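Residue numbers start from 1 in every chain, and the chains themselves are labelled A, B, ... in the order their sequence lines are given, proteins ahead of strands. Predicted model only: the values in this text are computed from it and were never measured.
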Protein chains: 2
Amino acid sequence: MVTIKDIAKRAGVSRGTVDRVLNNRPGVNPETEAKVRALIEEMGYRPNMAGQILAVKKRRLHLAFLIFHGPEFVFHLDILHAARDKAAELREFGVTVDFYLVRQLDTPYLERLFREVEDNQPDGIAALPLRTTAFMSFIQRMNAKGVPTVFFNLDEDFAPHLAYVGCDYVQSGRVAAGLVSLCTEGRGQVGIAAADGPNSPSFAGRMGGFSQELSANHPGLSMVDGGMPALFHNGDFTEVVDLVEQNPDMKAIYIVNMGDYGVCQEIHRAARGRNLAVITHDLAPAQQELLKNGLISATIVQQPDIQGSLPLQLLYEYLAFGTLPAKSKFFTDLHICISQNV
Amino acid sequence: MVTIKDIAKRAGVSRGTVDRVLNNRPGVNPETEAKVRALIEEMGYRPNMAGQILAVKKRRLHLAFLIFHGPEFVFHLDILHAARDKAAELREFGVTVDFYLVRQLDTPYLERLFREVEDNQPDGIAALPLRTTAFMSFIQRMNAKGVPTVFFNLDEDFAPHLAYVGCDYVQSGRVAAGLVSLCTEGRGQVGIAAADGPNSPSFAGRMGGFSQELSANHPGLSMVDGGMPALFHNGDFTEVVDLVEQNPDMKAIYIVNMGDYGVCQEIHRAARGRNLAVITHDLAPAQQELLKNGLISATIVQQPDIQGSLPLQLLYEYLAFGTLPAKSKFFTDLHICISQNV
DNA sequence: TTGTAAGCGTTATCAG
DNA sequence: CTGATAACGCTTACAA
């Protein structure tokens, strides 16, 4: 294993000089720099993580983690939990993480919250992007200050950021289509239901992938109502019940997003013993139960643990070692859960 | 963050003494030991990994990785590849890994190979267990010497070992049953095929889980020939073709293990356009192709990367930090792959 | 039985 | 522009 000391010895300089070259710090004679660089290349120097971690600790890095947190967002809780675990893990690297839970979307509230984040002067920010001007200008201000940001869960490109960690919603819709096809032998009608249609940023992506996959590879399948979702909210399932009852030859139903898990019960009541495949996304505790009971046929998960932990890890690596993320978009795996492999 | 130095200061002893207590080394006055232990507890001391790694490096640990490697074992290649990556990663921790590829199963060959491993005096061993006396006695000898072993891929309990990393074959058969049920609406007949029946240690587990799940939760499904597999080898697919042709009402076929990927082609030829779900295990490159072509409906993967890397990681943690594995069996996730999420 | 000191590889701070 | 030195937290000889 070749170390900085080895390089320094062979170059006839001190460790400090080699360090300056490695970290592109000013104040090195171009000639010695060239010599050192050549040796780094030639000897195949790779920095030793443990040594770096130990030394970087003294900088006491400070990160901020922002997530929207409403009662209907069970999924965000899993992300938050993973992020807290990661924060605990990073503590021994001298990193502290401040968590900010966004609980409303009105501008004064948001501006006050973002001002607070800014005042705490974080070295990096992991955030669930919001489509509000308050958020956008906040991110832009932080960018201007050179504070790196990583987005998770929603892939918004209104401001430059270090990376995105989250679901590929289009592909996720395609997987849903594949599952529907599997459950129906590729023939028949499929209904669409959603708790939140146009307001949900993920809805469009999933529906795009779903319909695209259907028309490209599953000619025997068609969507009821041309893909217009039956919406349900606050315990009102009439649209969904109608969908099931008025389409007796419907073989499957795709629930694009769920807020109220009671919908599955209603669907099966309305189906009256008829075979109806139900495909959903995510795996809240309630959904695990529904899978076990056969009220959900299969669900597609999007690794909330990675969405919570990886953004903090990427920020740490960037700030501590100057390592840019390997890619700009880290798409989570689209795992399929059925009753037997939850 | 509380360090050994902090403890030492508060206890009025030196770092060395605290270290001795932490690592249960002899030569500490019971009274000071008690005082130090109390402080460790009270101050919530957690060892710092980076510091440990750096210090432990000097020991230059040496591991052995043994895997059976025949042409028909494509899956083992994925494990091997992951293990080599892990070995490269462990190099900067001062760890070297020797790889031994078992290419035959005759006793003289095996004994010579194991003798060679033994002579190299590894500090720990990761091995794919073999059901031969030569292997068993080798493991027992190493155990006697206090060299820890971790098994992967096959869960054999003939000798004590630190941990097992691999598939839960019984559960994996249950997942296959769940997929068959999904593809058939839970009704009809399912055929069984295998490249290797009784000789394959995983076959029994998978078939057990499969039939158990069917009888427990899928009363509408039954196995053709009572579960007797149609065997195929070396391009001879007659049994499988017969199975498909003679059971026109068969809705699905479960390929418990595959050596020859040509079987899928034959199955679909024999099916003559009839809808037939095909469920397999693993995801060799050839299988990816078959998934894309629709010749495999779904396949269940068992994380070869984890099977290759985790055993080495567990051995390192045990040898370097004395950390016992969190569990004795690390079952890999049973991920379901369809055409859309490979 | 206990303390001391060197070293693992890197970074940061001070002198020069 | 460069070198020396002191951390970061831990382990391990060796000395007392």
How long is the line joining [atom1] of [X] and [atom2] of [N], in whole Å?
X       : N     : atom1 : atom2 : result
B:Ile53 : C:dG7 : CD1   : C1'   : 16 Å
B:Gln52 : C:dG9 : CD    : P     : 17 Å
A:Met49 : C:dG9 : CE    : C1'   : 14 Å
A:Glu92 : D:dC8 : CD    : P     : 16 Å
A:Asn48 : C:dG7 : CG    : P     : 17 Å

So what does [X] hit on the nucleic acid, given a heavy-atom distance under 4.0 Å: a base, only sugar-phosphate, or nothing?
X        : result
B:Gly322 : nothing
B:Tyr45  : sugar-phosphate
B:Asp19  : base
B:Lys57  : sugar-phosphate
A:Arg25  : sugar-phosphate
A:Pro26  : nothing
A:Phe321 : nothing

Non-hydrogen side-chain atoms of A:Thr17 and A:Glu33 separated by less than 4.5 Å: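 No, every pair of side-chain atoms sits at 4.5 Å or beyond.
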Using a strict 4.0 Å threshold on nitrogen-to-oxygen distance, state whether B:Arg25 and B:Asp19 make a salt bridge.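 Yes, charged N to carboxylate O under 4.0 Å.
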A:Thr96 and its side-chain hydrogen bond (donor to acceptor under 3.5 Å, both in side chains) partner, picked from A:Arg60, A:His62, A:Arg91: A:His62
Using a cut-off of strictly less than 4.0 Å, decide whether [X] has a side-chain nitrogen or oxygen near OP1 or OP2 of [N].
X       : N      : answer
B:Ser14 : C:dG3  : yes
B:Lys5  : D:dA7  : no
A:Thr17 : D:dG3  : yes
B:Arg59 : D:dT12 : yes

Consider the side chain of B:Lys58, meaning its heavy atoms from C-beta on, and name the nucleotide among D:dA6, D:dG9, C:dG7 that approaches it most closely. C:dG7
Choosing from D:dA6, D:dT11, C:dT2, which nucleotide comes nearest the side chain of A:Arg15?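 That would be D:dA6.
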Do B:Tyr100 and B:Asn120 get their side chains close enough for a donor-acceptor pair, meaning under 3.5 Å? yes
Name the residue from B:Phe330, B:Tyr164, B:Phe65 that meets the ring pair (Phe, Tyr, Trp, His ring centres under 6.0 Å) definition with B:Phe152.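 That would be B:Phe65.
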Could you pick out which residue, B:Thr32 or B:Ala55, lies toward the 5' side of DNA chain C when each is mapped onto its nearest nucleotide? B:Thr32
Taking for each residue the nucleotide of DNA chain C bearing the nearest heavy atom, is the 5' side occupied by A:Arg20 or by A:Met1? A:Met1
